[in-house]
Amino acid sequence: MASTNRHERQRAGLLINKILGSRDEYNYPSFTLLLDTVSQSAKPVIKDILHRAKEASKAKIILLSFETSQRKSPIFSTLLDGDDEIVQAYKLSLEAWQSEVKAAILRIKKGSRAILLVDSLNEFCHAVGPKVPQILLSWANPSLRIVGVYHTDVPLHESHKPNPYMVSALATLKYISTTTFTCRSLSQTLEGLEAEAYSRAKPAYGLDEGIEGVLQSLGSDKTESMVVEMEHKRKSGNVVSETYVFPRRSTNDQSKIVTLSEYLEIHQVSFKTTASGVAMADDAVMDGTMNLGLTEQQRRDREGVVLPHFDAQKGEGGQGGKILYDMGAEDDFDEEEDEI
(Lines give C-alpha, C1' and ligand atoms only; values in the text may rest on other atoms or scores of the structure.)
Protein backbone atom coordinates (compact mmCIF):
# COMPACT_ATOMS: atom_id res chain seq x y z
CA MET A 1 0.00 0.00 0.00
CA ALA A 2 2.83 2.39 0.84
CA SER A 3 4.54 1.73 -2.51
CA THR A 4 1.24 2.32 -4.33
CA ASN A 5 0.71 5.66 -2.59
CA ARG A 6 4.29 6.67 -3.36
CA HIS A 7 3.83 5.77 -7.01
CA GLU A 8 0.58 7.77 -7.23
CA ARG A 9 2.22 10.79 -5.65
CA GLN A 10 5.17 10.61 -8.02
CA ARG A 11 2.79 10.39 -10.97
CA ALA A 12 0.79 13.39 -9.71
CA GLY A 13 3.99 15.40 -9.17
CA LEU A 14 5.29 14.64 -12.66
CA LEU A 15 1.94 15.57 -14.20
CA ILE A 16 1.65 18.99 -12.53
CA ASN A 17 5.25 19.89 -13.38
CA LYS A 18 4.68 18.77 -16.96
CA ILE A 19 1.58 20.98 -17.30
CA LEU A 20 3.06 24.02 -15.58
CA GLY A 21 6.25 23.67 -17.59
CA SER A 22 4.30 23.50 -20.88
CA ARG A 23 6.19 20.38 -21.94
CA ASP A 24 3.13 18.88 -23.60
CA GLU A 25 1.05 21.98 -24.10
CA TYR A 26 2.54 23.01 -27.44
CA ASN A 27 2.08 19.77 -29.36
CA TYR A 28 -1.57 20.66 -29.90
CA PRO A 29 -3.67 23.81 -29.31
CA SER A 30 -4.23 24.21 -25.57
CA PHE A 31 -6.19 26.55 -23.33
CA THR A 32 -5.43 26.77 -19.61
CA LEU A 33 -8.24 28.23 -17.49
CA LEU A 34 -7.46 29.72 -14.06
CA LEU A 35 -10.37 30.27 -11.67
CA ASP A 36 -9.77 32.56 -8.70
CA THR A 37 -11.68 34.60 -6.16
CA VAL A 38 -11.11 37.50 -3.80
CA SER A 39 -10.09 34.92 -1.19
CA GLN A 40 -7.29 33.50 -3.36
CA SER A 41 -5.73 35.13 -6.41
CA ALA A 42 -4.35 33.11 -9.34
CA LYS A 43 -1.26 35.32 -9.65
CA PRO A 44 1.14 32.79 -8.04
CA VAL A 45 0.13 30.17 -10.62
CA ILE A 46 0.48 32.68 -13.47
CA LYS A 47 3.92 33.68 -12.29
CA ASP A 48 4.94 30.02 -12.03
CA ILE A 49 3.78 29.25 -15.60
CA LEU A 50 5.52 32.31 -17.08
CA HIS A 51 8.71 31.70 -15.10
CA ARG A 52 8.96 28.08 -16.26
CA ALA A 53 8.21 29.06 -19.88
CA LYS A 54 10.95 31.70 -19.84
CA GLU A 55 13.52 29.40 -18.29
CA ALA A 56 12.76 26.33 -20.41
CA SER A 57 12.27 27.73 -23.91
CA LYS A 58 12.53 31.54 -23.75
CA ALA A 59 8.88 31.67 -24.77
CA LYS A 60 7.38 34.91 -25.96
CA ILE A 61 4.61 36.38 -23.80
CA ILE A 62 1.65 38.21 -25.33
CA LEU A 63 -0.44 39.92 -22.65
CA LEU A 64 -4.02 40.80 -23.54
CA SER A 65 -4.58 43.33 -20.79
CA PHE A 66 -8.04 44.29 -19.53
CA GLU A 67 -7.08 45.18 -15.95
CA THR A 68 -3.25 45.34 -15.86
CA SER A 69 -2.65 48.98 -16.70
CA GLN A 70 1.09 49.16 -16.01
CA ARG A 71 3.93 47.19 -17.53
CA LYS A 72 5.76 47.45 -14.20
CA SER A 73 3.15 45.32 -12.44
CA PRO A 74 4.91 43.14 -9.80
CA ILE A 75 3.85 39.93 -11.51
CA PHE A 76 5.23 40.87 -14.93
CA SER A 77 8.11 43.24 -14.18
CA THR A 78 10.66 40.43 -13.82
CA LEU A 79 9.31 38.34 -16.70
CA LEU A 80 8.55 40.64 -19.61
CA ASP A 81 11.45 41.53 -21.88
CA GLY A 82 11.90 43.26 -25.21
CA ASP A 83 10.40 40.45 -27.30
CA ASP A 84 7.18 40.34 -25.31
CA GLU A 85 4.11 42.35 -26.29
CA ILE A 86 1.23 43.93 -24.41
CA VAL A 87 -2.14 44.59 -26.05
CA GLN A 88 -3.92 47.21 -23.95
CA ALA A 89 -7.46 46.06 -24.66
CA TYR A 90 -8.94 48.44 -22.08
CA LYS A 91 -7.97 51.35 -24.35
CA LEU A 92 -9.01 49.82 -27.67
CA SER A 93 -12.18 48.79 -29.42
CA LEU A 94 -13.13 45.16 -29.92
CA GLU A 95 -11.96 45.07 -33.54
CA ALA A 96 -8.73 46.92 -32.74
CA TRP A 97 -7.45 44.63 -29.98
CA GLN A 98 -8.47 41.53 -31.93
CA SER A 99 -6.37 42.74 -34.85
CA GLU A 100 -3.40 43.48 -32.59
CA VAL A 101 -3.58 40.01 -31.02
CA LYS A 102 -3.65 38.33 -34.44
CA ALA A 103 -0.71 40.44 -35.59
CA ALA A 104 1.26 39.54 -32.44
CA ILE A 105 0.59 35.85 -33.03
CA LEU A 106 1.83 36.14 -36.62
CA ARG A 107 5.07 37.70 -35.33
CA ILE A 108 5.94 34.55 -33.37
CA LYS A 109 9.21 33.26 -34.77
CA LYS A 110 9.16 29.93 -36.54
CA GLY A 111 10.11 27.09 -34.23
CA SER A 112 9.68 29.20 -31.08
CA ARG A 113 6.94 29.09 -28.49
CA ALA A 114 4.63 31.71 -27.01
CA ILE A 115 2.03 32.23 -24.30
CA LEU A 116 -1.06 34.40 -24.80
CA LEU A 117 -2.18 35.57 -21.36
CA VAL A 118 -5.66 37.05 -20.86
CA ASP A 119 -5.65 38.72 -17.45
CA SER A 120 -9.47 38.96 -17.19
CA LEU A 121 -11.73 36.57 -19.05
CA ASN A 122 -14.68 38.34 -17.42
CA GLU A 123 -14.02 41.46 -19.47
CA PHE A 124 -13.14 39.33 -22.49
CA CYS A 125 -16.50 37.52 -22.36
CA HIS A 126 -18.30 40.80 -21.75
CA ALA A 127 -16.73 42.28 -24.89
CA VAL A 128 -17.13 39.39 -27.34
CA GLY A 129 -20.46 38.03 -26.10
CA PRO A 130 -21.43 34.56 -27.37
CA LYS A 131 -18.42 34.40 -29.73
CA VAL A 132 -15.99 33.31 -26.98
CA PRO A 133 -15.20 29.84 -28.41
CA GLN A 134 -14.92 31.11 -32.00
CA ILE A 135 -12.39 33.81 -31.10
CA LEU A 136 -10.28 31.59 -28.84
CA LEU A 137 -10.22 28.80 -31.42
CA SER A 138 -9.24 31.27 -34.15
CA TRP A 139 -6.09 32.04 -32.14
CA ALA A 140 -5.29 28.34 -31.57
CA ASN A 141 -1.83 27.40 -32.72
CA PRO A 142 0.43 24.43 -31.91
CA SER A 143 3.18 26.86 -30.91
CA LEU A 144 0.85 29.03 -28.79
CA ARG A 145 -0.50 28.29 -25.32
CA ILE A 146 -3.51 30.36 -24.22
CA VAL A 147 -3.80 31.10 -20.48
CA GLY A 148 -6.78 32.99 -19.09
CA VAL A 149 -7.96 34.11 -15.64
CA TYR A 150 -11.64 34.12 -14.73
CA HIS A 151 -12.76 35.77 -11.48
CA THR A 152 -15.63 33.57 -10.29
CA ASP A 153 -16.94 36.05 -7.72
CA VAL A 154 -17.23 38.90 -10.22
CA PRO A 155 -20.66 38.99 -11.89
CA LEU A 156 -20.60 38.94 -15.68
CA HIS A 157 -22.62 41.78 -17.18
CA GLU A 158 -24.03 40.77 -20.53
CA SER A 159 -23.58 43.45 -23.19
CA HIS A 160 -26.34 41.95 -25.30
CA LYS A 161 -29.80 40.59 -24.67
CA PRO A 162 -29.26 37.28 -22.86
CA ASN A 163 -30.52 34.14 -24.54
CA PRO A 164 -32.26 31.85 -22.02
CA TYR A 165 -31.07 28.82 -24.03
CA MET A 166 -27.43 29.93 -24.11
CA VAL A 167 -25.00 28.32 -21.66
CA SER A 168 -23.05 30.58 -19.34
CA ALA A 169 -19.65 31.97 -20.29
CA LEU A 170 -17.96 30.06 -17.45
CA ALA A 171 -19.46 26.75 -18.60
CA THR A 172 -18.25 27.43 -22.13
CA LEU A 173 -14.72 28.22 -20.92
CA LYS A 174 -14.60 25.03 -18.85
CA TYR A 175 -15.79 22.99 -21.81
CA ILE A 176 -13.16 24.22 -24.27
CA SER A 177 -10.26 24.34 -21.79
CA THR A 178 -7.67 21.57 -21.76
CA THR A 179 -6.63 22.29 -18.15
CA THR A 180 -8.58 24.03 -15.40
CA PHE A 181 -6.95 25.29 -12.19
CA THR A 182 -9.22 26.35 -9.33
CA CYS A 183 -7.33 28.41 -6.74
CA ARG A 184 -8.31 28.27 -3.07
CA SER A 185 -6.89 29.49 0.22
CA LEU A 186 -5.00 26.77 2.12
CA SER A 187 -6.16 27.80 5.60
CA GLN A 188 -9.80 28.03 4.47
CA THR A 189 -9.54 24.65 2.73
CA LEU A 190 -8.25 23.03 5.93
CA GLU A 191 -11.09 24.57 7.91
CA GLY A 192 -13.55 23.18 5.37
CA LEU A 193 -12.02 19.70 5.63
CA GLU A 194 -12.24 19.84 9.41
CA ALA A 195 -15.91 20.84 9.26
CA GLU A 196 -16.62 18.01 6.82
CA ALA A 197 -14.83 15.48 9.04
CA TYR A 198 -17.09 16.37 11.97
CA SER A 199 -20.30 16.66 9.92
CA ARG A 200 -20.56 20.39 10.42
CA ALA A 201 -21.64 22.95 7.87
CA LYS A 202 -18.72 24.29 5.86
CA PRO A 203 -17.89 27.89 6.77
CA ALA A 204 -18.44 30.65 4.23
CA TYR A 205 -15.79 33.22 3.38
CA GLY A 206 -15.64 36.64 1.78
CA LEU A 207 -18.62 37.54 -0.35
CA ASP A 208 -20.30 34.20 0.44
CA GLU A 209 -20.68 35.28 4.06
CA GLY A 210 -23.32 37.78 2.99
CA ILE A 211 -22.11 40.39 5.46
CA GLU A 212 -22.28 43.94 4.19
CA GLY A 213 -18.85 45.45 3.65
CA VAL A 214 -16.92 42.16 3.97
CA LEU A 215 -14.87 41.26 0.89
CA GLN A 216 -12.11 39.11 2.39
CA SER A 217 -12.03 36.85 5.41
CA LEU A 218 -9.10 35.91 7.62
CA GLY A 219 -6.66 33.64 5.84
CA SER A 220 -7.51 34.99 2.39
CA ASP A 221 -4.92 35.35 -0.39
CA LYS A 222 -1.91 34.40 1.72
CA THR A 223 1.49 34.19 0.06
CA GLU A 224 2.74 31.22 2.09
CA SER A 225 0.79 28.44 0.36
CA MET A 226 -2.33 27.90 -1.67
CA VAL A 227 -4.51 25.00 -2.80
CA VAL A 228 -4.99 24.37 -6.52
CA GLU A 229 -7.58 21.91 -7.82
CA MET A 230 -6.53 20.65 -11.25
CA GLU A 231 -8.70 19.09 -13.96
CA HIS A 232 -6.69 18.05 -17.01
CA LYS A 233 -8.13 16.59 -20.22
CA ARG A 234 -5.83 14.20 -22.02
CA LYS A 235 -5.75 13.73 -25.79
CA SER A 236 -7.67 10.49 -25.35
CA GLY A 237 -10.53 12.36 -23.66
CA ASN A 238 -9.82 11.01 -20.18
CA VAL A 239 -10.00 13.59 -17.39
CA VAL A 240 -7.40 13.59 -14.61
CA SER A 241 -8.30 15.39 -11.39
CA GLU A 242 -5.98 16.13 -8.48
CA THR A 243 -5.63 18.65 -5.65
CA TYR A 244 -2.23 20.23 -5.01
CA VAL A 245 -0.65 22.55 -2.47
CA PHE A 246 1.61 25.21 -3.97
CA PRO A 247 4.38 26.35 -1.60
CA ARG A 248 5.71 29.84 -1.08
CA ARG A 249 7.05 31.38 -4.28
CA SER A 250 9.70 33.56 -2.62
CA THR A 251 12.31 30.97 -3.65
CA ASN A 252 12.91 29.08 -6.84
CA ASP A 253 12.11 25.77 -5.18
CA GLN A 254 9.56 24.53 -7.73
CA SER A 255 9.87 20.83 -6.91
CA LYS A 256 7.91 21.01 -3.68
CA ILE A 257 4.44 21.09 -5.18
CA VAL A 258 2.71 18.21 -3.40
CA THR A 259 -0.76 16.74 -3.35
CA LEU A 260 -3.11 17.79 -0.59
CA SER A 261 -3.08 14.31 0.98
CA GLU A 262 0.72 14.32 1.05
CA TYR A 263 0.74 17.81 2.59
CA LEU A 264 -1.58 16.64 5.38
CA GLU A 265 0.69 13.67 6.02
CA ILE A 266 3.92 15.69 5.99
CA HIS A 267 2.59 18.31 8.39
CA GLN A 268 0.77 15.68 10.47
CA VAL A 269 -2.58 17.40 10.10
CA SER A 270 -5.29 15.21 11.64
CA PHE A 271 -8.92 16.12 12.19
CA LYS A 272 -9.56 13.27 14.68
CA THR A 273 -7.65 14.77 17.59
CA THR A 274 -8.15 18.51 17.24
CA ALA A 275 -11.84 18.81 18.03
CA SER A 276 -13.04 18.31 21.59
CA GLY A 277 -16.25 16.64 22.62
CA VAL A 278 -16.56 14.48 19.50
CA ALA A 279 -16.79 10.69 19.44
CA MET A 280 -13.51 9.34 18.09
CA ALA A 281 -14.60 5.78 17.20
CA ASP A 282 -17.77 4.09 16.03
CA ASP A 283 -17.75 1.22 18.54
CA ALA A 284 -15.89 2.90 21.39
CA VAL A 285 -16.69 1.51 24.84
CA MET A 286 -17.98 4.17 27.21
CA ASP A 287 -16.27 4.61 30.53
CA GLY A 288 -18.38 3.24 33.39
CA THR A 289 -19.08 0.29 35.69
CA MET A 290 -21.05 -1.63 33.04
CA ASN A 291 -19.85 -3.04 29.74
CA LEU A 292 -22.42 -1.88 27.17
CA GLY A 293 -20.68 -3.48 24.21
CA LEU A 294 -21.43 -6.77 22.50
CA THR A 295 -19.10 -9.62 21.66
CA GLU A 296 -19.08 -11.14 18.18
CA GLN A 297 -20.95 -14.23 19.43
CA GLN A 298 -23.62 -12.09 21.07
CA ARG A 299 -24.00 -10.03 17.92
CA ARG A 300 -24.45 -13.17 15.77
CA ASP A 301 -26.99 -14.65 18.23
CA ARG A 302 -28.97 -11.40 18.18
CA GLU A 303 -29.09 -11.36 14.40
CA GLY A 304 -30.25 -15.01 14.31
CA VAL A 305 -33.36 -14.46 16.47
CA VAL A 306 -36.60 -14.91 14.48
CA LEU A 307 -39.42 -12.78 15.87
CA PRO A 308 -43.07 -14.02 15.81
CA HIS A 309 -44.27 -11.44 13.30
CA PHE A 310 -41.97 -12.92 10.66
CA ASP A 311 -44.01 -16.18 10.74
CA ALA A 312 -47.23 -14.19 10.41
CA GLN A 313 -45.89 -12.50 7.25
CA LYS A 314 -45.37 -15.95 5.70
CA GLY A 315 -49.08 -16.73 5.90
CA GLU A 316 -48.85 -19.04 8.91
CA GLY A 317 -50.53 -16.61 11.28
CA GLY A 318 -54.03 -15.21 11.51
CA GLN A 319 -55.62 -18.47 12.73
CA GLY A 320 -57.77 -17.14 15.54
CA GLY A 321 -55.05 -16.56 18.06
CA LYS A 322 -53.55 -20.03 17.72
CA ILE A 323 -50.22 -20.36 19.45
CA LEU A 324 -47.46 -21.29 17.03
CA TYR A 325 -44.87 -23.44 18.69
CA ASP A 326 -42.32 -25.91 17.37
CA MET A 327 -41.55 -28.70 19.77
CA GLY A 328 -37.97 -29.37 20.59
CA ALA A 329 -36.24 -32.65 21.38
CA GLU A 330 -36.43 -32.00 25.15
CA ASP A 331 -40.18 -31.19 25.20
CA ASP A 332 -42.76 -33.71 26.57
CA PHE A 333 -45.93 -34.18 24.59
CA ASP A 334 -49.07 -33.51 26.70
CA GLU A 335 -52.38 -34.23 24.93
CA GLU A 336 -54.46 -31.93 27.15
CA GLU A 337 -52.16 -28.89 26.81
CA ASP A 338 -51.34 -29.40 23.16
CA GLU A 339 -54.99 -29.61 22.11
CA ILE A 340 -55.68 -26.08 23.32
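Please read all numbers here as calculations on a predicted model, not as lab measurements.
- Shown are R299, Q297, Q298; of these, the side-chain hydrogen bond (donor to acceptor under 3.5 Å, both in side chains) with D301 is made only by Q297.
- Between H51 atom NE2 and I46 atom CD1 the span is 15.5 Å, to the nearest 0.5 Å.
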When you look at E231 and V239, which way does the side-chain contact (heavy atoms from CB on, under 4.5 Å) test go after all the steps?
CA-CA 7 Å; E231 185 177 280; V239 178; 3.4 Å; yes
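- Annotation: side chain of V45 is in contact with side chain of C183 (closest heavy-atom distance under 4.5 Å).
- Placement of L170 and V167 in two distinct hydrophobic clusters is found when ILVMFWY residues are connected by side-chain heavy-atom separations under 4.5 Å, directly or transitively.
- Judged as a salt bridge (charged side-chain N to carboxylate O under 4.0 Å, His left out), the pairs with a partner in residues 171-186 (not counting sequence neighbours) are, in order, R184-E229.
- With rounding to the nearest 0.5 Å, the separation of CG in L35 from OG1 in T152 is 6.5 Å.
- Considering only heavy atoms from C-beta on, V101 stays 4.5 Å or farther from S99 through its side chain.
- Salt bridge E265/R9: present, at least one basic N to carboxylate O contact under 4.0 Å.
- Put simply, the side chain of D36 never gets that close to the backbone of S41: no donor and acceptor are under 3.5 Å apart.
- To the nearest 0.5 Å, atoms OG (S65) and OH (Y90) are separated by 5.5 Å.
- Although no hydrogens or angles enter the test, the distance criterion places a donor-acceptor pair under 3.5 Å between the side chain of K233 and the main chain of S177.
- By the 4.5 Å heavy-atom criterion applied to side chains, V149 and F66 are not counted as neighbours.
- Here CD of E100 is found 11.5 Å from CD1 of I86. Values are rounded to the nearest 0.5 Å.
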Show your reasoning for whether side-chain contact (heavy atoms from CB on, under 4.5 Å) applies to L186 and Y263.
CA-CA 11 Å; L186 176 60; Y263 176 87; 3.3 Å; yes
Between L117 and L50, is the side-chain contact (heavy atoms from CB on, under 4.5 Å) condition met? List the steps.
CA-CA 9 Å; L117 175 63; L50 300 184; 4.2 Å; yes
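- I115 is not listed as a side-chain neighbour of L144, based on a closest heavy-atom distance of 4.5 Å or more.
- With hydrogens and angles ignored, the 3.5 Å screen pairs a side-chain donor or acceptor of N17 with a backbone N or O of G13.
- In this structure, the side chains of V245 and M226 stay at 4.5 Å or more apart for every pair of heavy atoms.
- Inter-residue side-chain proximity for V118 and L63 is flagged as unmet; no heavy-atom pair is nearer than 4.5 Å.
- Shown are T180, T179, T32; of these, the side-chain hydrogen bond (donor to acceptor under 3.5 Å, both in side chains) with H232 is made only by T179.
- Scanning all heavy atoms of the two residues, the minimum distance from S112 to S143 falls at O-CB, 3.5 Å.
- Between P247 and I257 the shortest heavy-atom distance is CD-CG1, 3.9 Å.
- When all heavy atoms are compared, the tightest approach of I176 to P133 is CD1-CA, 4.2 Å.
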For salt bridge (charged side-chain N to carboxylate O under 4.0 Å, His left out), just list the numbers for E191 and R200, CA-CA rounded to whole Å, side-chain angles, deciding distance to a tenth of an Å, and then say yes or no.
CA-CA 11 Å; E191 291 177 4; R200 298 196 300 260; over 6 Å; no
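- Within the model, atoms CG of L20 and CZ of R52 stand 5.0 Å from one another, a figure rounded to the nearest 0.5 Å.
- Cluster membership check: I266 does not share its hydrophobic cluster with Y244, using side-chain heavy-atom separations under 4.5 Å among Ile, Leu, Val, Met, Phe, Trp and Tyr.
- Hydrophobic clustering (side-chain heavy atoms under 4.5 Å, transitive across Ile, Leu, Val, Met, Phe, Trp, Tyr) groups I62 together with L94.
- I108 and L137 are members of different hydrophobic clusters when ILVMFWY side chains are connected at heavy-atom separations under 4.5 Å.
- When hydrophobic clusters are built by joining Ile, Leu, Val, Met, Phe, Trp and Tyr residues whose side-chain heavy atoms come closer than 4.5 Å, directly or via intermediates, V154 is not grouped with L173.
- Of the inter-residue distances, the one linking L193 atom CG with L260 atom CG reads 6.0 Å to the nearest 0.5 angstrom.
- Checked by atom type and distance alone, the side chain of Y150 never pairs as donor or acceptor with a backbone atom of A169 at under 3.5 Å.
- Although no hydrogens or angles enter the test, the distance criterion places no donor-acceptor pair under 3.5 Å between the side chain of K54 and the main chain of I61.
- Checked against the 6.0 Å centroid criterion, the rings of W139 and F31 do not qualify as a close aromatic pair.
- Between the side chains of H151 and E67, at least one donor N or O sits under 3.5 Å from an acceptor N or O.
- Between M166 and P130, the closest side-chain pair of non-hydrogen atoms falls below 4.5 Å.
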Under the side-chain contact (heavy atoms from CB on, under 4.5 Å) criterion, do R145 and V147 qualify, and how do the steps go?
CA-CA 6 Å; R145 179 183 184 182; V147 180; 4.1 Å; yes
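- Here the side chains of T243 and T259 are not in contact, with every heavy-atom distance at 4.5 Å or above.
- D153 places a side-chain N or O within donor-acceptor distance of the main-chain N or O of V38, the cut-off being under 3.5 Å.
- Legend: salt bridge (charged side-chain N to carboxylate O under 4.0 Å, His left out) pairs involving residues 57-66, not counting sequence neighbours, sorted by first then second residue: K60-E85.
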Taking it one step at a time, do R11 and E8 satisfy salt bridge (charged side-chain N to carboxylate O under 4.0 Å, His left out)?
CA-CA 5 Å; R11 180 198 60 80; E8 290 296 325; 3.3 Å; yes
